[in-house]
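Notes to accompany the following structure.
Positions are given from 1, in the same order as the sequence printed here.
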Amino acid sequence: MTKFKGRSSLKQYMQLKPIKRRIKIWERCDSITITGYAYDFNIYSGKNESNDTDNRTLGERVVMKLADTIREPNVVLAFDRFFTSVRLLTIIDYPALSTCIMNRKNVPKFEGKLKRGEHQFRSCLDGLTAARWQDSKDFVVISNCHTTIVGEITRKQKDGTKLKVSCPNSIIFYNQIMGGVDLSDQKVSVYDCSRKSTKWWKKVFFKLLMSAVVNAWIPYNEVNENKT
């Protein structure tokens with residue numbers, strides 16, 4: 001999200017954000033190597049007026065457009081429930097997984113309440129697997145590249161002790177690779193160089209400029225660490 005207080009049709013209202021009115025930029029970032037490297041971006045300009053013969057949702061259009069520029073096929077995509085649909089995970093050409101909203105179309109139904117550490121599996125269309133796991137709250141992940149294998153993770157209890165509990169591998173993997181966009185935003189915000197302006201393109205320019213600076217610094221830093 002890019003800060004902007006002026007008038008622009010690009011400005012979006014995000015109720016759950018600390019600063020609620022900003023210009024939204026979709027990004028595809030790296031997280032598995034803990035770099036936050038930004039590979040691609042797309043400025044959200046409002047409702048898509050073009051004729052979409054497939055009637056795709058906003059989340060599906062955003063993910064598919066950002067995935068079009070992937071050069072290395074050996075990747076796994078992770079995104080949050082805002083973008084998720086069963087159809088997206090079916091039509092995308094890459095291994096992918098995501099949290100989901102339970103009332104979305106074709107999402108399998110889970111029944112009953114679980115105790116902490118318990119899990120359930122359900123099958124979706126075209127071989128997708130949905131895993132439900134109870135932590136402090138329900139956690140549901142749909143994947144097109146995972147099975148019903150269960151692993152273990154360590155969770156901290158109320159008394160401070162640590163306990164190993166079972167957890168579906170898809171949820172463990174999701175927690176490991178999710179968060180690249182947040183990491184990129186965190187690094188960019190440390191060296192914020194934006195200035196007051198009523199022109200939206202200047203705000204976007206400074207945001208993307210600092211993203212490019214962070215991208216340029218990351219490989220250099222990694223090379224120096226490897227040398228030492």
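The hydrophobic cluster containing Ile142 also contains Phe83, counting ILVMFWY residues as joined when their side-chain heavy atoms lie under 4.5 angstrom apart, directly or transitively. Clustering ILVMFWY residues whenever any of their side-chain heavy atoms sit less than 4.5 angstrom apart, transitively, puts Leu58 in a cluster other than the one holding Ile101. Val213 and Val188 fall within the same hydrophobic cluster, where Ile, Leu, Val, Met, Phe, Trp and Tyr residues are linked whenever their side-chain heavy atoms come under 4.5 Å apart, directly or through other members. The hydrophobic clustering, which links ILVMFWY residues whose side-chain heavy atoms are closer than 4.5 Å, places Val181 and Val76 apart. Cluster membership for Leu128 and Phe110, using ILVMFWY side-chain heavy atoms within less than 4.5 angstrom, is shared.
More than 12 heavy atoms of other residues, nucleotides or ligands sit less than 6.0 Å from atom CZ of Arg122. Other residues, nucleotides and ligands contribute only 12 or fewer heavy atoms inside 6.0 Å of the CZ atom of Phe41. Counting heavy-atom neighbours within 6.0 Å of Glu72 CD, excluding the residue itself, gives a total above 12. Other residues, nucleotides and ligands contribute over 12 non-hydrogen atoms within 6.0 Å of the CG atom of Asp68.
Pairing each heavy atom of Leu183 with each of Gly36, the nearest pair is CD2-N, 3.5 Å. Between Pro95 and Val75, the shortest heavy-atom contact is CD-O, 3.4 Å. What you find for Leu66 and Trp26 is that their closest heavy atoms are CD1-CB, 4.1 Å. Glu27 approaches Asp185 most closely through the heavy-atom pair OE1-OD1, 3.9 Å. Here the closest heavy-atom approach between residue Pro108 and residue Ser123 is recorded as CB-O, 4.0 Å. Heavy-atom minimum distance, Phe121 versus Ala131: CE2-CB, 3.7 Å.
The line from OG of Ser189 to CE of Met210 is 10.0 Å long, rounded to the nearest 0.5 Å. To the nearest 0.5 Å, atom CG of residue Leu88 and atom CZ of residue Arg61 are 12.0 Å apart. Put simply, NZ on Lys105 and CZ on Arg87 are 7.5 Å apart, with the number rounded to the nearest 0.5 Å. Atom NE2 of His119 sits about 8.5 Å away from atom OG1 of Thr148, to the nearest 0.5 Å. How far OG1 of Thr57 is from CZ of Phe82: 8.5 Å, rounded to the nearest 0.5 Å. Taking CG of Leu114 as the start and CG of Asp135 as the end, the distance is 11.5 Å to the nearest 0.5 Å.
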Please determine whether side-chain contact (heavy atoms from CB on, under 4.5 Å) holds for the pair Ile91 and Arg56, giving the CA-CA distance in whole Å, both sets of side-chain angles, and the decisive distance to 0.1 Å. CA-CA 11 Å; Ile91 64 177; Arg56 293 177 179 174; 4.2 Å; yes

Please lay out, stage by stage, how Trp133 and Ile172 fare under the test side-chain contact (heavy atoms from CB on, under 4.5 Å). CA-CA 10 Å; Trp133 181 60; Ile172 296 175; over 6 Å; no

Take Leu89 and Phe79, measure what side-chain contact (heavy atoms from CB on, under 4.5 Å) needs, and give me the verdict at the end. CA-CA 11 Å; Leu89 291 170; Phe79 35 89; 3.9 Å; yes

For Ser170 and Ser143, what are the C-alpha separation, side-chain angles and deciding distance, and is it a side chain to side chain donor-acceptor pair (under 3.5 Å)? CA-CA 7 Å; Ser170 58; Ser143 172; 6.0 Å; no

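Classified by interplanar angle (parallel below 30°, tilted 30° to 60°, perpendicular above 60°), the ring pair Phe173/His146 is tilted. Tyr37 and Tyr39 have tilted rings, their planes meeting at an angle from 30° to 60° on a 0 to 90° scale.
Not a single donor-acceptor pair under 3.5 Å links the side chain of Thr129 to the backbone N or O of Cys145. Judged by distance alone, with hydrogens and angles left aside, the side-chain atoms of Thr84 form a donor-acceptor pair with the main-chain N or O of Thr99 at under 3.5 Å. At least one donor-acceptor pair under 3.5 Å links the side chain of Asn144 to the backbone N or O of Tyr94. Between the side chain of Arg104 and the backbone N or O of Arg81 there is at least one donor-acceptor pair closer than 3.5 Å.
For the pair Lys65/Asp40, no side-chain contact is recorded, criterion being any heavy-atom separation below 4.5 Å from C-beta on. For the pair Thr69 and Arg28, the minimum side-chain heavy-atom distance is below 4.5 Å. Contact annotation: the side chain of Leu208 approaches that of Ile25 to within less than 4.5 Å [non-hydrogen atoms, C-beta and beyond]. Using a 4.5 Å heavy-atom threshold, the side chains of Val140 and Arg132 count as touching.
Among Leu97, Ile177, Ile70, the single residue meeting the side-chain contact (heavy atoms from CB on, under 4.5 Å) criterion with Leu77 is Ile70.
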